[in-house]
Every structure is written in C-alpha cells, then in structure tokens.
Colleague: 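Have a look at this one before I ask anything.
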Number of protein chains: 2
Amino acid sequence: MAKRRTQQEWIEAAIAAFSREGVGGVKVERLARGLGVTKGSFYWHFTDRRALLDAVLEAWAEQGTAAIIDAVEASPGDAGDKLRTLWGLANGAGEQAFEVALREWGRVDPEVRAAIRRVDQDRMAYLRKLMLEHGVAPDRVEAKCLLMYSLLIGDWFIDVKHGRKSRKRVLSDALDVLLDR
Amino acid sequence: MAKRRTQQEWIEAAIAAFSREGVGGVKVERLARGLGVTKGSFYWHFTDRRALLDAVLEAWAEQGTAAIIDAVEASPGDAGDKLRTLWGLANGAGEQAFEVALREWGRVDPEVRAAIRRVDQDRMAYLRKLMLEHGVAPDRVEAKCLLMYSLLIGDWFIDVKHGRKSRKRVLSDALDVLLDR
DNA sequence: ACCTGAACACCGTTCAAGT
DNA sequence: ACCTGAACACCGTTCAAGT
C-alpha cells in the first residue's frame, strides 16, 4: 500500500489550508482525507492538532524574515535601491495570505503573538538600518519605518480604489513621501 | 420561566464572541449556554449560524464608519485639528478587535470583503477631503491618505518596540511626516 | 411565541488492533 | 513503523413536542 505519509507532508498540507482559510481551516479530518489516510493516522505523526499548528508557526519563524532580508541584501545598489527592492518584494509576495492568517491567529494566542513580535522587531531593525543609511533625518526614522511597515502589512487588509492613479503608482508615491523625494 | 431571549441579545452575544475570538469563536451551542437556553432555541430566532453572522456584519456596516466621521466632524478646529482628532480616536477605540476579526473573516468571504471595501472607500474619501482642506500637495494626497489609513489599520496587527521613544510619540511623529510639519 | 430534547452529520482525540 | 476502525465528546442543524 502506498498510503504512507511523512510529517512533512502533513505540515505542507496544513500550511496550504492555513493560508487559504486561516487556523480554523486546518482540520485534521479534512487533511487526512486529502492525504488519502484516516484521521486516526494523524496521531502517529503528531500528538495533537496544536502540535501541527506549532510546526507551521515554527517553519515561518525560522525562515520568514531571513528569506526576505537575504534577497534584498543580495540585490545590487545602495540603501535607497534596497528599500525599493524590499517594497516590491513585500508587495508581490504570495505569502501575504499566510501572514494575514498568522496575525489573526496571534490575536487569540499569546505564543503566536510572541513569535510575530520577534519577527516584526527584526524587520523593523533592518528597515531602520536602511533608512539611516539612506540619509533619512534621524529623528524621523522611527516614524517613517513604522509608516512603511504599516503600509506593507496594512496593504493586505485594505482594498480601495484610487481614482485616476493606479495602485502601483500610489504605492510608489508613498515611498517617495517616506524617502523625501 | 424567565429564559426568553430576544434576537438582539443573540446578536450582542455574537459580537462579543466575534471580537474576542473571531468568526470561529461564534458558536451557537456556546452562545446558547451563555444565554441560559438550549441551542435548539437559536433556530427560532435565526435560520442558521450564517444569518447571525450577517446580522453582526450589518450592524457594523451601518454605523461603524458614520460613527467615527460624525465624532470628528463634531469636534472643533480646522482640517489639521480634525486629522489629529481622527488619529486619536482610531488609535484608542475599543473596536479594534472587532475590525481585525472582520478583516480576517473578509479573507474567506466575498460578501464580507465587499462590505469592508465600501467602508474603506468612505473612510478614504473623508481622509482625502481633510487632507486637501489642510493644504497637502494634491499629487501627494492619495499616497498620504493610504499611508495614514494603513497605519491606522496596520497598527492593530503590529507590535514593536521603539527604543527611547514612546509609541504615542512615534505615532505623533508619523502624522507630522504626513502633514508636512 | 418561544423553548426543550432527541436525532444526525462533522470534527478532535484515544486506543486496541492490524500490516 | 505506520495505519485502520470504533468509540466518545463537541458543535451545526432539524424537528416533533412542550408551555
């Protein structure tokens, strides 16, 4: 019988369901059906549903931040160029759905909240560094970092029309505001 | 027996659960237990769980936006003062949890998404009006509105430390950046 | 007019039993 | 080492029966 599943396969299925429907969408029985096994078999790989969700969280915490920072650091140019690269990366990434679901989960779970706080801290530190390098006035750096990070995150939750201007154009204008262009 | 419940009581209980735990937290059986009746009685007041959630959404759509705009309009001062009032109101309101849960719900439900879009549209229109009145450069208005609205919304999802500066101070600085102080 | 109680399907969890 | 199947508790929904 070729119906054996690895822990990794369960985690991948969980991540897909999590991105699509949030924590509530991660159902042991449905995942089992999708993987072609009975739900009982789940409990050989994980102690319970929570352990599976923890594995999902851990996967994100370990490489979610580092991946983006590495990609930006590998790109050419000065701090200003890197800020624009970051802007493009973050707004185009397919992991938005995942992060949105994660932040919602964090509302009801202190452990998740702590993990998010750590990642936000790292990302903000990196933003601060780039902004300072780019020559943004030091007493404005903190406010501008927060504005930029808020737009990055808040953008996933906001869906408005901008009249004549395209959304892409408005986002580019926003960066100009922050970088004193 | 004094165990009769009104539709309104079910809705209020649902709003409380929704704010605390999101859509997934709105459980007919648990609400019934809290209201001191059996879950069966729920189906006399509503056709199903979805109808209860729709009532929650409608309550928000009807007065969520208008309430804030009215409060700001009633406050004294020019456009700049009103923007600062809005800033304070939005960042202090106790309805943040509700809105966060709503936006998460919107991710998996088109009807909810449409309602949110309408409200965002109204709020942004009001922001644009205040910004223009305040004398912000017209070609920057759209970007600055989006930045401000994103900070308003994104702030609920972001939890970072700012070093020496207090969060309140950083938020105030951010507004200065947007209003060209 | 509003509620109870029993019924059934769906899901989380356990566990003895299978291969 | 990994899976099945039956069992039980929890929740959404229906509905006949109660007051």
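Just the heavy atoms: all of them, side chains too, but no hydrogens, waters or symmetry mates, feed the values below. Letters go in sequence order (proteins before strands), and every chain restarts at 1.
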Colleague: Using salt bridge (charged side-chain N to carboxylate O under 4.0 Å, His left out) as the criterion, list what pairs up with A:Arg30, not counting sequence neighbours.
Modeller: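 A:Glu21.
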
Colleague: Show me the side-chain donor-acceptor pairs of residues 38-45 of chain B shorter than 3.5 Å, one per line, residues at least two apart or across chains.
Modeller:
from: B:Ser41; atom 1: OG; to: B:Thr38; atom 2: O; distance (Å): 3.0
from: B:His45; atom 1: NE2; to: B:Arg5; atom 2: O; distance (Å): 3.0

Colleague: Using the salt bridge (charged side-chain N to carboxylate O under 4.0 Å, His left out) criterion, which residues pair with A:Lys27? Sequence neighbours excluded.
Modeller: none

Colleague: Between B:Glu9 and B:Leu35, is there a donor-acceptor pair closer than 3.5 Å when you use the side chain of the first and the backbone of the second?
Modeller: no

Colleague: A:Glu104: what forms a side chain to side chain donor-acceptor pair (under 3.5 Å) with it, not counting sequence neighbours?
Modeller: A:Arg107

Colleague: Closer to the 5' end of DNA chain C via nearest nucleotide, is it A:Ser41 or A:Glu29?
Modeller: A:Glu29

Colleague: For B:Arg103 and B:Asp120, run side chain to side chain contact (heavy atoms under 4.5 Å, CB included): C-alpha distance rounded to whole Å, both residues' side-chain angles, the deciding distance at 0.1 Å, then the answer.
Modeller: CA-CA 11 Å; B:Arg103 280 165 204 277; B:Asp120 281 349; 3.0 Å; yes

Colleague: For DNA chain C, what residues of residues 11-22 of chain B have any heavy atom nearer than 4.0 Å?
Modeller: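 DNA chain C contact set from residues 11-22 of chain B: none.
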
Colleague: Hey, which sits more toward the 5' end of DNA chain C by its nearest nucleotide, A:Phe42 or B:Thr6?
Modeller: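 In this pair, the answer is B:Thr6.
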
Colleague: Donor-acceptor pairs under 3.5 angstrom involving side-chain atoms of residues 48-73 of chain B: please list them, not counting sequence neighbours.
Modeller:
from: B:Asp48; atom 1: OD1; to: B:Arg50; atom 2: N; distance (Å): 3.4
from: B:Asp48; atom 1: OD1; to: B:Ala51; atom 2: N; distance (Å): 3.1
from: B:Arg49; atom 1: NE; to: B:Val26; atom 2: O; distance (Å): 2.8
from: B:Arg49; atom 1: NH2; to: B:Val23; atom 2: O; distance (Å): 3.0
from: B:Arg49; atom 1: NH2; to: B:Val26; atom 2: O; distance (Å): 3.4
from: B:Arg50; atom 1: NE; to: B:Asp54; atom 2: OD1; distance (Å): 3.1
from: B:Arg50; atom 1: NH1; to: B:Asp109; atom 2: OD2; distance (Å): 2.4
from: B:Arg50; atom 1: NH2; to: B:Asp54; atom 2: OD1; distance (Å): 3.2
from: B:Arg50; atom 1: NH2; to: B:Asp109; atom 2: OD2; distance (Å): 3.2
from: B:Arg50; atom 1: NH2; to: B:Glu111; atom 2: OE1; distance (Å): 3.1
from: B:Trp60; atom 1: NE1; to: B:Glu99; atom 2: OE2; distance (Å): 3.4
from: B:Gln63; atom 1: NE2; to: B:Ala59; atom 2: O; distance (Å): 3.4
from: B:Glu73; atom 1: OE2; to: B:Tyr126; atom 2: OH; distance (Å): 2.6

Colleague: Extract, from 5' to 3' on DNA chain D, the first and final nucleotides lying under 4.0 angstrom from some heavy atom of chain B.
Modeller: D:dC11 to D:dT14

Colleague: With pairs defined as Watson-Crick or G-U wobble and both distances under 3.5 angstrom, please note down DNA chain C as a dot-bracket string, | for pairing with another strand.
Modeller: ||.|||||...|||||.||

Colleague: State the CD1-CZ distance between A:Ile15 and A:Arg20, to the nearest 0.5 angstrom.
Modeller: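 Going from CD1 on A:Ile15 over to CZ on A:Arg20, the span is 12.0 Å.
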
Colleague: Using only atom types and a distance under 3.5 Å, with no angle test, would you say the side chain of B:Thr85 pairs donor to acceptor with the backbone of B:Asp81?
Modeller: yes

Colleague: Please check if the side chain of A:Trp87 supplies one atom and the backbone of A:Leu171 the other of a donor-acceptor pair under 3.5 Å.
Modeller: yes

Colleague: Kindly state which residues belonging to residues 44-58 of chain A come within less than 4.0 angstrom of DNA chain C, counting heavy atoms of the residue only, listed by number.
Modeller: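 When residues 44-58 of chain A is checked for heavy atoms under 4.0 Å from DNA chain C, the hits, listed by number, are A:Thr47, A:Asp48, A:Arg49.
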
Colleague: Using ring pair (Phe, Tyr, Trp, His ring centres under 6.0 Å) as the criterion, list what pairs up with A:Phe18, not counting sequence neighbours.
Modeller: A:Phe98, A:Trp105

Colleague: Can you name the residues that form a salt bridge (charged side-chain N to carboxylate O under 4.0 Å, His left out) with B:Asp173, not counting sequence neighbours?
Modeller: B:Lys165, B:Arg169

Colleague: If the condition is salt bridge (charged side-chain N to carboxylate O under 4.0 Å, His left out), which residues does A:Arg167 pass it with, not counting sequence neighbours?
Modeller: A:Asp155

